[in-house]
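Report on one structure; see the data block that follows.
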Amino acid sequence: MSTLRALAKAQALAAGVAQPVATVRHLHLAQRPLVLVPLAMAGEAHAPLAALVGTAPDDARLLVVPQPRNRDQRFRFVTELAGTVLPWLDGFRGVSEAVAVDRGRDVRYRYADAPQLWVPNPAGITFLRLLGRSTRFRRPDGEYPVHPAVPLLGRWLTFFAERAEQPGSSALLAMTDALTLHWATGQSAVEDQHLPALLGWIDPPAGSTGVEAAARAEDPQVCPPAGPATDPEFDNVALAPVMAAWAAADDDPAARDEAYAELVRLLRGQLAPTWELMWRGLGLLGGLPPGARVAGRWAGDRDAFTGYAEHLDADGGPQPRHDGAVAAAVRLHRLERAATSYAVQRAYDDPLVMAEHRLAGEAFVADVTLADPGRVDDSGKRPVLRPRIQVVTTEPVRMPVGATLWSTARPGQKAKVVFVTPAADGRTEVVLELSGGMGRGLTAPPGSVPQVGERLCLTTLSEAYLPAGTFPAAEETPWTHGGPPTYDPPDVVSSVVG
């Protein structure tokens with residue numbers, strides 16, 4: 001936990017309400033998201049019990065599995081879920097847009113929008129990942145056939161689960177993670193995974209504090225769990241007798257229908273409060289302005305959606321059960337690069353996030369006191385424009401002479417530290433030499449060089465492009481890491497004759 005977040009949590013506890021730790025929204029909000037609230041049966045290995053799914057607060061569809069241990073009923077549930085999810089996915093494949101590539105010499109096409117899926121908490125993401133793994137290899141023919149929509153839904157759920165691992169992606173989001181990214185509460189991180197309590201801190205009822213609202217939300221009679229786990233008392237007292245009654249009424253259609261109606265009523269009562277909390281959370285997030293770099297990350301989600309849709313159109317196979325050694329290394333490298341880029345983008349978009357880096361000595365805020373925008377360096381083979389500025393700050397400057405800094409106001413411009421001079425009044429004077437972001441001539445365009453009196457945030461964090469690593473091809477990978485074997489069997493005849 002960073003120092004700033006720890007301070008915000010202490011202030012939240014003192015004030016009785018959650019404190020903002022972001023000034024902008026760091027994720028994309030789709031105009032037509034799909035909200036999915038799942039429930040799983042306790043004591044069973046990923047046995048779906050029910051789900052509430054829809055794209056609007058008044059458009060909730062309840063799917064119920066009367067006997068989750070029954071394989072046919074589980075796959076019937078997946079088929080019904082596919083009947084909602086797959087048409088929703090196809091609705092984003094109607095309009096494409098051209099994207100310039102190769103410095104404008106060519107174009108490629110991607111879908112103009114992409115789907116966004118919301119679940120209450122990270123356990124909901126795990127539920128979808130396991131559901132995709134258990135269905136994407138099923139076949140509509142052969143032994144134990146399933147509906148053709150089942151493996152297709154499994155592949156899409158796996159796609160969403162993999163996008164959820166991508167830092168900065170907004171394709172599949174957990175509401176508790178999205179809210180704690182922007183607010184700090186006075187409770188622990190584990191308690192923040194309880195959606196009713198978390199929203200009690202962020203948006204308590206009138207006349208109530210966050211502590212009181214969170215305490216009431218922890219009562220399962222008031223706010224049932226947000227899934228996929230259920231309340232044990234509900235399982236034993238209410239759910240088990242109704243499921244037993246449904247199973248016992250095999251020869252009595254009227255009794256079975258009555259038991260099923262009661263089961264639907266019970267499960268809807270468990271899911272409806274979380275459904276309302278999900279849309280309440282979306283409303284709170286929608287009240288924040290989006291960060292400047294959110295659109296660029298959402299473009300990456302649209303690229304991924306377009307690529308996987310084209311993969312399925314070309315009869316591409318399902319995702320493998322396990323990555324090979326090289327594929328795993330490539331995935332890890334991609335996620336690390338995305339995490340680094342995401343951290344930098346959040347800091348550049350949000351002064352509150354940048355404040356954490358200022359406390360860590362990775363950035364400081366300073367005022368420009370001197371500027372020489374026309375300075376030219378002619379010590380090389382040809383003269384180049386190298387303006388210098390002097391900034392003064394009251395913050396610690398931990399960057400050594402020769403370090404390269406960037407300004408959040410001009411991300412494409414480098415600032416090399418030339419001198420660092422502590423002043424007697426506790427301030428520090430820093431002389432910087434600028435390069436980049438000023439065209440190719442020897443005269444800087446207006447506004448490209450900071451002016452006297454301008455306040456800058458200078459940081460070691462860079463938005464510069466991070467080149468991808470190189471990995472060996474399959475035929476060049478050692479056999480110890482999944483490549484082709486290099487062992488040649490001996491010539492038995494030659495060995496005998498020899």
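We use all heavy atoms of the structure for the numbers below, so side chains are in, but hydrogens, waters and symmetry mates are not.
- Not one N or O on the side chain of R216 forms a donor-acceptor pair closer than 3.5 Å with the backbone of G200.
- No side-chain N or O of E310 forms a donor-acceptor pair with one of Y109 less than 3.5 Å apart.
- E262 contributes atom CD, which lies 10.0 Å from atom CG of L267 (distance to the nearest 0.5 angstrom).
- Minimum interatomic distance between D301 and S169 (heavy atoms only, all atoms of both residues): OD1-OG, 2.7 Å.
- Listed here is the closest heavy atom pair of A47 and R74: CA-CD, 4.2 Å.
- Looking only at distances, no side-chain donor or acceptor of Q19 sits under 3.5 Å from a matching main-chain atom of A8.
- A salt bridge links R331 and E162; the closest N-O separation between the charged side-chain nitrogens and carboxylate oxygens is under 4.0 Å.
- Using a 4.0 Å cut-off between charged side-chain N and carboxylate O, R32 and D59 make no salt bridge.
- Side chain of N236 to main chain of P232: a donor-acceptor pair is present (N/O by atom type, distance under 3.5 Å, no hydrogens or angles).
- Ring pair F305/F92 is perpendicular by interplanar angle, where above 60° counts as perpendicular and below 30° as parallel.
- With Y348 as the aromatic partner, R293 does not meet the cation-pi criteria of under 6.0 angstrom to the ring centre and within 45 degrees of the ring axis.
- Among T185, L284, T176, the single residue meeting the side-chain contact (heavy atoms from CB on, under 4.5 Å) criterion with L199 is L284.
- Checked by atom type and distance alone, the side chain of R25 pairs as donor or acceptor with a backbone atom of L285 at under 3.5 Å.
- Rounded to the nearest 0.5 Å, atoms CZ (F234) and CD (Q270) are 4.0 Å apart.
- Of the possible donor and acceptor atoms, one in the side chain of W275 sits under 3.5 Å from a partner among the backbone N and O of P57.
- The pair R256-D250 meets the salt-bridge criterion, since a charged nitrogen lies less than 4.0 angstrom from a carboxylate oxygen.
- Residues P228 and N121 share a closest heavy-atom pair of CD-OD1, 4.0 Å.
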